[in-house]
Amino acid sequence: MIVANRKSLDKILQMIKPYKKVLLLGCNECVTVCAVGGEREVGALASELRLFRAKEGEEVEVREHTLERQCDPEYIDQVRPFVGDYEAILSMACGAGVQYVAEKYRTKPVLPAVNTTFLGVTLEQGVWAERCQGCGTCILDQTGGICPIARCAKSLLNGPCGGSTNGKCEVDRETDCGWQLIIDRLKELGQLDRYEEIIPIKDWTTARDGGPRKRVREDLRL
Amino acid sequence: MTFKERLDSGKFAVVVELQPPKGSDVSELYDYAELFKGRVDAINVPDLQNAIMRLGSLSVCTLLKAKKGMEVIYNLSCSDRNRLALQSELLNASTLGLKNLFLVHGDQPSTGDHFEAKAVFDLDVMGLLGAAKRLQEGYDLAGNDLQGKPKFCVGTHINAAAKGHVLDLEVMDMEKKIRMGVDFFFTHSIYDASLFEAFAKKVAHFKVPIIAGITLLKSVGMARYVNKHVEGASIPDSVIDRMMKASDKQQASVEIAGGLIKALKPLCQGVQIIPIGWEKQVPALLDYAGL
């Protein structure tokens, strides 16, 4: 899933300062799973905003609405009947959702209530961790199912650096060394011979380095 | 006279762009430097231009200055280095006696000859200009004090082909760049003096020297390519006709560029000649332009 963090209340209040009527849009997908921008969080943020603005003597009308997704046009269209009643949209979706809403309602300022952070997994209740950088060329088959791009701080392709100590990364001693994890996993799989292979320098054109990416599936187009 | 002194004097400055080789042999560059000596005020040396891997601007500038006594403009781009490397390169330049900088965004590696490369762009050009400014103030981007602070003459690009709304944005952009300490601007290649005149008038109040780019047109095909693919570029049909009818293409190119320089001279503070392989034609061009 896409994992996000909510922005501070101060930052959000600063963004919506010029507006008296705000449409607060949640999203039922990733940001609901990581408990940042779903219906429950929309309700909590709306209450906070009303409370603080009232305390400042600048009351704000906040309409709460949570879409199934903010990354698909048919759901974004659902707010069209009433979006015109609001001066700005405050979106609790990931950056993709915020931008797509902005594309669809071009005359409305669309403000981000969360910081989009990474593609990750739920480790336990309340703990999420990065697993993928979406580089577009997956080599997990070569590295024991653990990604050196996402899990190694330096995205090294051929083993750990000198900063790996007792299985931990020099960047943060709480963080596992990605390459230690890979080597351990290859051992478990009886595939340590794969570590003898030299992984060639990476083609980054499939990652963000080739410019903004777009995927077209002709077989699915109408 | 240094390039900065030339700019400060208000006299017309002549710069020539000299592309580093793809390899370590600089003998050809030395030959060109001899050719330009006494005729140009500075040699501008691009940094991995068009994302093509080449010898770097730093070593070429250092050698041209040390061995040929040329005034040089060291180029640095954001595409291939993070903020540590960029600041370190600026300190390298200063330590090696290179005072003139031309700072640019740089080209996307995926468009060059190592298209699989990872793009850096840790800073954009505004950030890089800011880094140069802060280093000159005696501290780095992290706020650490420097032991010895550099002194630079800093330039960057402007889009002199901007028109209408884009021109208004360009003026805002120039204001920001000047706020970040820019001492001079290079334009992209100019092909039509009358279009440049409108731009020059619009930005004259900044009183920051503008050096106009002059590219030697090498063929009709090149002219048509530029018109089709380069945003804002407009090579007049009369110029293309002249190239088409000319029996000596190099001579025609020199005369076209020379005529352009004469027309631009009252409108800007200098020109940068971009020979793209026709470096040997530069003296003839300067003769024709009366420089």
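Residue numbers start from 1 in every chain, and the chains themselves are labelled A, B, ... in the order their sequence lines are given, proteins ahead of strands. Values below: every heavy atom of this structure, side chains too, minus hydrogens, waters and symmetry copies.
- Annotation for B:E175: atom CD counts as buried by contact number, over 12 foreign heavy atoms lying within 6.0 Å.
- Residue B:K149 qualifies as open at atom NZ: its count of foreign heavy atoms under 6.0 Å is 12 or below.
- Atom CD of B:E116 sits about 9.5 Å away from atom OG1 of A:T137, to the nearest 0.5 Å.
- Every side chain to side chain contact (heavy atoms under 4.5 Å, CB included) that A:T117 has, sequence neighbours left out, goes to A:V3, A:N5.
- Within 6.0 Å of CG on A:N166 lie no more than 12 heavy atoms contributed by other residues, nucleotides or ligands.
- Here the closest heavy-atom approach between residue A:D209 and residue B:A117 is recorded as CB-O, 3.8 Å.
- One finds the NZ atom of B:K118 at 12.5 Å from the CG atom of A:D203 (value rounded to the nearest 0.5 Å).
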